Structure formats: structure tokens, C-alpha cells
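Right, one structure below, let's go through it.
So that the names make sense, note that chain A is the first sequence line, chain B the second, and so on, each numbered from 1. Small disclaimer: the values here were computed from a predicted structure and weren't measured.
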Amino acid sequence: MPQPLSKTYFENDDVVFLAKDLIGKQLTTHINGVITSGIITETEAYAGQGDKACHAHLGRFTKRTKVMYESGGIAYIYLCYGIHHLFNIVTNTKGNADAILVRAIEPTLGIDIMQERRGKSKVDKTLTSGPGNISKALGISKSHNTQSVTSDNIWIDDIGYKPSNIKETTRIGIDYSGEDAELPWRFYDKDSKFVSVK
DNA sequence: GCGACGATCCGCT
DNA sequence: GCGGATCGTCGCG
């Protein structure tokens, strides 16, 4: 039976553990009466103020980043390249700006809706791989910023599935982060084809 | 006020 | 493999 993850789960202070633990969980949105879901296949951990790749590095506190400092279990969504709404889950306790970027899912429910939102006639990895693409497929936009991910609109279920081959590797698109770009804080299910970059 | 650019994606070559 | 799309945010002045 699907077991919704609680707010307490997201208040864990180990964002790297959580990023890995979320692989295999099911992310669902319920928007305008429509349900769409997918199994999380790829994530990245961003470890707050001490992480050069994190938007809250060195305690940067702006209108955009302030949501990251909230208590875990809410969404941090921001516009990237003026086009893509990237979906993150804020974690850790209030004052710690940790977050997890969800980079890919394997579609499970409402696949036809996701195809419609993405303008795709076929179901292949491009439907829900890549952080911009999953937001579009799930109907997530900036209006969901700061919203709870333990709610009736967005939630994550433990469906009793644990991938046996989780690859740990470096994060994508953060070359500006110096040595922190080398950290193995990106995780993906090796056995899934729904991964942005192998 | 303003210029530069990004945790990306897609289409064309 | 490469460049354009497209705009909010940020840092500087």
C-alpha cells in the first residue's frame, strides 16, 4: 500500500541521504482535478549555505531563496533560463537551506495527460526526464512555490519499491561551483531508462 | 536602473 | 554538437 511521506521525513538533516532515499518513491500531483504520477528515478542534493552549488550558498537570502530556509516538506520552484520551472523539495529544519532537485521520473499514472502537457505522441524517456520536463509533465509551475509536498495537491508515496542499483555521480550544470562540482550528490536508478544523463 | 546570466531543452546542422 | 529561446533574479552602481 502506498504510504505518503510525512513532513517529519523531509525534516531530516541529511539531505544527501534523503536525495538517495527518494529514488524509487512515487511523486504525485493533483492539479485541476487531474492526477499524474511518476516514480522518482533521478535526484540531486543541494546542501544549503555550505554548498557552492546551492542558491543559498554563504547564506544568500533573497526573495527567491528565502523559501529554502523554511522547515522541510515544501516546494522550491524557480524559473531557469526564462523557460523552465525546476521542482525542488526543501529539506532539513528551519534555518537550514537544504533542497533536493528532482531531475527525472518514470511515468505511472495519468500518462496521457502528461503526453498532452508535453506535446508528445509517444511515451519515451524524453516525456519525463530532465528537471524542466518533469515539471511540465506534472503540471508544476511557479505558482506551486512554497506549497507543501505533503498535501492533497502534491505528495510523495513510499510504494515499497527500492531500486537495487543506485548510481552516485556528480551534479549537472554546476561547473561554476569549484571543488563542490566534484561531490557525488546526484543519484539515479541505473535500471531505469527514465534518467536525464547516464 | 541596468546588464549579465542560469541546477535547460529543442531543433537544426 | 551547437546555438537560440526567454525572463526573473542578482549584483553593482
Q) Do side-chain atoms of Asn32(A) reach the backbone of Val34(A) as a donor and acceptor pair under 3.5 angstrom? A)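 Not at all, since once roles are kept as given, no pair shorter than 3.5 Å links the two residues.
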Q: Would you please name every residue forming a side-chain hydrogen bond (donor to acceptor under 3.5 Å, both in side chains) with Thr65(A), sequence neighbours left out?
A: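 Testing Thr65(A) for side-chain hydrogen bond (donor to acceptor under 3.5 Å, both in side chains), a comparison that skips the adjacent residues, returns Thr62(A).
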(Q) What is the separation between atom NE2 on His85(A) and atom C1' on dG6(B), rounded to the nearest whole Å? (A)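 Between C1' of dG6(B) and NE2 of His85(A): 14 Å.
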Strictly below 4.0 Å, N to O, side chains only: are [X] and [Y] in salt-bridge contact?
| X | Y | value |
| --- | --- | --- |
| Lys25(A) | Asp21(A) | yes |
| Lys20(A) | Asp14(A) | no |
| Glu168(A) | Arg186(A) | no |
| Lys52(A) | Glu179(A) | yes |

Q: Compare all side-chain heavy atoms of Pro184(A) with those of Thr169(A) and state whether any distance is below 4.5 angstrom.
A: no
Q: Summarise protein proximity over nucleotides 7-13 of chain B in one line of letters, 5' to 3': B for base, S for sugar-phosphate only, - for none, counting protein heavy atoms closer than 4.0 Å.
A: BBSS---
Q. What interatomic distance, in whole Å, is found between P of dG1(C) and the corresponding atom of dA7(B)?
A.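 Each nucleotide's P atom is 23 Å from the other's.
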(Q) Distance check, P atoms only: dT6(C) and dC2(B), in whole angstrom units. (A) 23 Å
Taking atom types as modelled, find out whether [X] and [Y] have a side-chain donor-acceptor pair closer than 3.5 angstrom.
| X | Y | answer |
| --- | --- | --- |
| Ser37(A) | Thr28(A) | yes |
| Ser71(A) | Glu11(A) | yes |
| Thr41(A) | Arg103(A) | no |

Ignoring hydrogens and angles, write down the donor-acceptor pairs under 3.5 Å from the side chains of residues 53-61 of chain A, residues two or more places apart or on other chains.
| unit_1 | atom_1 | unit_2 | atom_2 | d |
| --- | --- | --- | --- | --- |
| His55(A) | ND1 | Tyr76(A) | OH | 2.7 |
| Arg60(A) | NE | His55(A) | O | 2.9 |
| Arg60(A) | NH2 | His55(A) | O | 3.0 |

Q) Stems in DNA chain C: runs of 3 or more consecutive Watson-Crick or G-U pairs, distances under 3.5 Å? A)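 Counting only runs of 3 or more consecutive pairs, the stems involving DNA chain C are B:1-6 with C:7-12, B:8-12 with C:1-5.
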Q: Please report the shortest heavy-atom distance between Val195(A) and Ser129(A), naming the atom on each side.
A: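 Heavy atoms of Val195(A) and Ser129(A) come nearest at N-OG, 3.5 Å.
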Q: Give me the first and last nucleotide of DNA chain C, going 5' to 3', that has any atom under 4.0 Å from a heavy atom of chain A.
A: dA5(C) to dG11(C)
**Q.** Close residues, residues 137-145 of chain A, relative to DNA chain B [heavy-atom separation under 4.0 Å]
**A.** none
Q. Are Arg64(A) and Tyr78(A) in a cation-pi contact, defined as NZ or CZ under 6.0 Å from the six-membered ring centre and within 45° of the axis?
A.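 The answer is yes, since Arg64(A) meets both limits relative to Tyr78(A).
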